[in-house]
Student: 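Let me begin by handing over the structure; questions about it come next.
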Amino acid sequence: MEISIPENRPIRNPISFFCFLQDLIESGNKFLCFAHHATMMNTIADTLNDAQVHFIRIDGGTSSSMRKTYCDAFQTDDNVRSGNFRRKL
């Protein structure tokens, strides 16, 4: 399943977004989340933690060596179901 939200499009209804995120969690599939703001990344991470979903997080504070480790984990570990990335403009 591949679903994307157009780039630079604000989320007009955050409740809908988190319902969508919950649907992704319940699907059992792996998925990627990209966010521009650390606050949004933190909120997504909190939602995944509450749902007991194992995930990786890569943002500006992630070292190059850890980025590779995290990417490898996402690609090879079936328990790691989400990759969360911060895009800084």
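When reading the values below, keep in mind they use all heavy atoms of this one structure, side chains included, and skip hydrogens, waters and symmetry mates. Along the sequence shown, the residues carry numbers beginning at 1. The shown structure was predicted, so the numbers you read here are calculated from the model rather than taken from an experiment.
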Student: Donor-acceptor pair, Arg67 side chain versus Asp59 backbone, under 3.5 Å?
Tutor: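 Side chain of Arg67 to backbone of Asp59, a donor-acceptor pair under 3.5 Å: yes, one is there.
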Student: List the residues meeting side-chain contact (heavy atoms from CB on, under 4.5 Å) with Gln75, not counting sequence neighbours, and say none if there are none.
Tutor: Asp72
Student: Donor-acceptor pairs under 3.5 angstrom involving side-chain atoms of residues 47-56: please list them, not counting sequence neighbours.
Tutor:
residue, atom, partner, partner atom, Å
Thr47, OG1, Thr43, O, 2.9
Asn49, ND2, Ala45, O, 3.3

Student: Measure the spacing between CG of Asp23 and CZ of Phe18 and express it to the nearest 0.5 Å.
Tutor: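 So the gap between those two atoms works out to 13.0 Å.
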Student: Considering all heavy atoms of both residues, which atom of Leu24 and which atom of Arg81 are nearest to each other, and what is their separation?
Tutor: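 So the minimum-distance heavy-atom pair works out to O-NH2, 3.6 Å.
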Student: Run Ser82 and Asn84 through side-chain contact (heavy atoms from CB on, under 4.5 Å) and show every step you take.
Tutor: CA-CA 6 Å; Ser82 178; Asn84 302 330; 3.0 Å; yes
Student: Check the pair Met40 / Phe17 against side-chain contact (heavy atoms from CB on, under 4.5 Å), numbers first and verdict last.
Tutor: CA-CA 11 Å; Met40 185 63 162; Phe17 173 76; 3.4 Å; yes
Student: Is Met41 reachable from Val80 through a run of hydrophobic residues whose side-chain heavy atoms are each under 4.5 Å from the next?
Tutor: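 Val80 does not cluster with Met41.
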Student: Counting heavy atoms not belonging to Tyr70, are there more than 12 under 6.0 Å from its OH?
Tutor: no
Student: Run through Phe74, Phe34, Phe31 and flag the one making a ring-ring contact (aromatic ring centres under 6.0 Å, His included) with Phe85.
Tutor: Phe34
